[in-house]
*Asks:* 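For reference, the structure I am asking about is given below.
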Amino acid sequence: MQLQGKCAIVTGGASGIGAGIVRAFAAEGAAVCVADVDLAAAERIAADLGGRARSVIAVRMDVTDEDEVQRGVDAAAASLGAIDILVSNAGTQHLDEIVDVSFANWKRILAIHLDGAFLTTRACLRHMYAQKRGGTILLTGSVHSKEASVKKGPYAVAKHGLLGLCRVVAKEGAPHGVRSNVICPGFVRTPLIERQIPELAARLGISEQDVVRDVMLKTTVDGEFTTIADIAAVAVFLAGFPTNALTGQSIIASHGWHMS
């Protein structure tokens, strides 16, 4: 029970990696707020884990809405009793070469990933500083925080930006006992990736099997997807790590797709 007595918020917590982290945190003893723009899905996750009897709650949160983020974080702190851990995980994707990306899609991707990370981090830091019990900020980056792929310009820019936010928070948060790190997954077979496979196949004129083998997993060491369970285990480890020895860092979990 590495997170016994801790209170966490996971954005984008109703599906994919976020839902896996919610379940892992609850299993490790944390009280968890499932924050998602899809409230019904968040409520299903909370109910599946036992609802309030197990200190798992749901709130609707559009991470690009400043007021909604602050209200949601405040509500979670009031219900759970504190905010010790933020996992800023909400995200989406858009595929286009830079020459074809509309300004609307550029702003949308950066708003969800970067504005969302800033707004949720700021709201949680306010509670962490006031509580005087430290805390952990975890930002969900990507291997695209480290390198680029064609047709993923806005996404790669946003994920690179999370590294800067993490490092600033690590330095500013240290006097308050707050650590900040970025988790950088490789390809994880989430609903987001499932939607990308046929889209990439159509754009590249190859089969879906070839997309998986020759595009997504070509440079891994074993041709395997990273799993949701892999990323959840990294999140538990970082959330429970007790000292500033690990802060301002980016942890890559990608089956060797990117090594640094």
Side-chain angles (χ1 to χ4, degrees), residues 12 16-18 21 87-101 105-118 121 137-170 180-206 208-228 230-235 237-238 246-260:
I17 289 172
I21 291 173
V87 182
S88 176
N89 172 75
T92 190
Q93 181 61 275
H94 177 78
L95 299 180
D96 254 331
E97 292 190 8
I98 288 293
V99 70
D100 295 318
V101 174
N105 277 323
W106 174 270
K107 290 189 290 186
R108 179 176 64 89
I109 297 300
L110 267 65
I112 293 170
H113 291 274
L114 275 181
D115 294 352
F118 160 68
T121 295
I137 303 292
L138 297 179
L139 308 176
T140 300
S142 167
V143 167
H144 287 98
S145 297
K146 303 287 188 174
E147 57 179 70
S149 294
V150 296
K151 299 184 185 296
K152 292 189 177 182
Y155 183 83
V157 169
K159 293 301 191 183
H160 274 68
L162 293 178
L163 299 179
L165 176 62
C166 166
R167 291 162 182 163
V168 171
V169 172
S180 176
N181 291 291
V182 182
I183 302 172
C184 297
F187 281 106
V188 180
R189 202 147 193 174
T190 62
L192 180 67
I193 293 298
E194 291 291 354
R195 291 192 296 271
Q196 284 184 38
I197 292 172
E199 185 175 352
L200 282 170
R203 285 173 178 265
L204 297 173
I206 59 178
E208 293 185 14
Q209 182 180 7
D210 288 344
V211 167
V212 171
R213 185 188 64 233
D214 298 332
V215 177
M216 292 184 169
L217 305 180
K218 180 179 180 180
T219 58
T220 64
V221 297
D222 53 11
E224 296 288 339
F225 279 100
T226 304
T227 68
I228 290 173
D230 292 333
I231 304 307
V234 174
F237 169 72
L238 290 173
L246 271 178
T247 193
Q249 303 304 310
S250 50
I251 308 299
I252 303 167
S254 68
H255 282 251
W257 169 19
H258 182 94
M259 300 183 186
S260 66

*Asks:* Evaluate the side-chain proximity of I137 to C166: yes if any heavy-atom separation is below 4.5 Å, no if none is.
*Replies:*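 Answer no - side chains too far apart.
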*Asks:* Before you tell me yes or no, could you show the steps for V188 and I193 under side-chain contact (heavy atoms from CB on, under 4.5 Å), namely the whole-Å CA-CA distance, both residues' side-chain angles and the distance that decides it to 0.1 Å?
*Replies:* CA-CA 7 Å; V188 180; I193 293 298; 5.5 Å; no
*Asks:* Kindly write out the residues that satisfy salt bridge (charged side-chain N to carboxylate O under 4.0 Å, His left out) with K152, not counting sequence neighbours, or none if the list is empty.
*Replies:*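 Counting only residues at least two positions away or on another chain, K152 forms no salt bridge (charged side-chain N to carboxylate O under 4.0 Å, His left out).
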*Asks:* By salt bridge (charged side-chain N to carboxylate O under 4.0 Å, His left out), which residues pair with R213, not counting sequence neighbours?
*Replies:*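 R213 satisfies salt bridge (charged side-chain N to carboxylate O under 4.0 Å, His left out) with D210 only.
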*Asks:* According to side chain to side chain donor-acceptor pair (under 3.5 Å), who are the partners of S250, at least two apart in sequence or on a separate chain?
*Replies:*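 Side chain to side chain donor-acceptor pair (under 3.5 Å) list for S250, sorted by chain: K146.
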*Asks:* Once side chain to side chain donor-acceptor pair (under 3.5 Å) is applied, do any residues pair with R195, and if so which ones, sequence neighbours excluded?
*Replies:*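 Counting only residues at least two positions away or on another chain, R195 forms no side chain to side chain donor-acceptor pair (under 3.5 Å).
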*Asks:* Of all residues at least two apart in sequence or in a different chain, which pass the side chain to side chain donor-acceptor pair (under 3.5 Å) check with S180?
*Replies:*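 Per chain and number, S180 pairs via side chain to side chain donor-acceptor pair (under 3.5 Å) with no residue.
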*Asks:* Got a sec, which residues hit salt bridge (charged side-chain N to carboxylate O under 4.0 Å, His left out) with E97, two or more places apart in sequence or on another chain?
*Replies:*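 With sequence neighbours excluded, E97 shows a salt bridge (charged side-chain N to carboxylate O under 4.0 Å, His left out) to K151, given in chain and number order.
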*Asks:* Looking only at heavy atoms, what is the nearest atom pair of E208 and P198, with distance?
*Replies:*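 Scanning both residues, the minimum pair turns out to be OE2-CB, 3.4 Å.
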*Asks:* Rounded to the nearest 0.5 Å, how far apart are CD of Q93 and CG of N105?
*Replies:*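 CG of N105 is found 10.5 Å from CD of Q93.
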*Asks:* To check you understand the geometry: which heavy-atom pair defines the closest contact between S260 and I252, and what is its length?
*Replies:*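 Reported closest heavy-atom pair: OG-CD1, 3.4 Å.
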*Asks:* Calculate, to the nearest 0.5 Å, the distance between atoms NZ and CD1 belonging to K107 and I112 respectively.
*Replies:*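 Here the interatomic distance stands at 13.5 Å.
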*Asks:* Could you list the residues that satisfy side-chain contact (heavy atoms from CB on, under 4.5 Å) with D230, not counting sequence neighbours?
*Replies:*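 Only T226, T227, H255 meet the side-chain contact (heavy atoms from CB on, under 4.5 Å) criterion with D230.
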*Asks:* Looking at side-chain heavy atoms only, is the closest gap between V211 and M216 below 4.5 Å?
*Replies:*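 Yes - at least one pair of side-chain heavy atoms lies under 4.5 Å apart.
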*Asks:* Which heavy-atom pair separates V234 from A253 by the least distance, and what is that distance?
*Replies:*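 What the structure gives for the nearest pair is CG2-CB, 4.4 Å.
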*Asks:* What residue pairs, at least two apart or across chains, pass salt bridge (Lys or Arg N to Asp or Glu O under 4.0 Å) with a residue in residues 184-193?
*Replies:*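 Of all non-adjacent pairs touching residues 184-193, those that pass salt bridge (Lys or Arg N to Asp or Glu O under 4.0 Å) are R189-E194.
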*Asks:* Quick one: side-chain contact (heavy atoms from CB on, under 4.5 Å) partners of A117, sequence neighbours excluded?
*Replies:*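 Scan of A117 (side-chain contact (heavy atoms from CB on, under 4.5 Å), adjacent residues dropped) gives S88, L139, L162, L165.
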*Asks:* Restricting to salt bridge (charged side-chain N to carboxylate O under 4.0 Å, His left out), what partner residues turn up for D214, sequence neighbours left out?
*Replies:*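 Partners of D214 under the salt bridge (charged side-chain N to carboxylate O under 4.0 Å, His left out) test: none.
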*Asks:* State, to 0.1 Å, how close T247 and A170 come at their nearest heavy-atom pair, and which atoms those are.
*Replies:*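 Minimum heavy-atom contact is OG1-CB, 3.4 Å.
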*Asks:* Hey, what do you get for CD (Q196) to OG1 (T190), rounding to the nearest 0.5 Å?
*Replies:*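 The OG1 atom of T190 is 8.0 Å from CD of Q196, to the nearest 0.5 Å.
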*Asks:* In Å and rounded to the nearest 0.5 Å, what is the CG to CG distance from L238 to L246?
*Replies:*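 Going from the CG atom of L238 to the CG atom of L246 covers 6.5 Å.
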*Asks:* Heavy atoms, side chains only, cut-off 4.5 Å: are F187 and T220 in contact?
*Replies:*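 They are not in side-chain contact.
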*Asks:* Tell me the closest heavy-atom pair linking S145 and L163, and the distance in Å.
*Replies:*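 In terms of heavy atoms, the two residues are closest at O-CD1, 3.2 Å.
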*Asks:* Kindly indicate whether the side chain of R108, heavy atoms from C-beta on, has any atom under 4.5 Å from the side chain of T92.
*Replies:*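 They are in contact (side-chain heavy atoms under 4.5 Å apart), so the answer is yes.
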*Asks:* In Å and rounded to the nearest 0.5 Å, what is the CD1 to OG1 distance from I231 to T140?
*Replies:*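 Answer rounded to 0.5 Å: 8.5 Å.
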*Asks:* Are I206 and V215 close enough, and set up right, to give a side-chain contact (heavy atoms from CB on, under 4.5 Å), and what steps lead you there?
*Replies:* CA-CA 10 Å; I206 59 178; V215 177; 4.2 Å; yes
*Asks:* Using the test ring-ring contact (aromatic ring centres under 6.0 Å, His included), find all partners of H144 that sit at least two apart in sequence or belong to another chain.
*Replies:*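 Result, ring-ring contact (aromatic ring centres under 6.0 Å, His included) vs H144: Y155, W257.
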*Asks:* Run the ring-ring contact (aromatic ring centres under 6.0 Å, His included) test against W106 and tell me which residues pass, sequence neighbours left out.
*Replies:*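 Testing W106 for ring-ring contact (aromatic ring centres under 6.0 Å, His included), a comparison that skips the adjacent residues, returns none.
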*Asks:* Is the shortest side-chain N to carboxylate O distance from R203 to D96 below 4.0 Å?
*Replies:*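 Salt bridge flag = yes for D96 with R203.
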*Asks:* Please report the interatomic distance CD1(I183) to CD(Q249), rounded to the nearest 0.5 Å.
*Replies:*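 Spacing of CD1 (I183) from CD (Q249) equals 13.0 Å.
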*Asks:* Tell me the closest heavy-atom pair linking P185 and G141, and the distance in Å.
*Replies:*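 Of all heavy-atom pairs spanning P185 and G141, the closest is CD-O, 3.4 Å.
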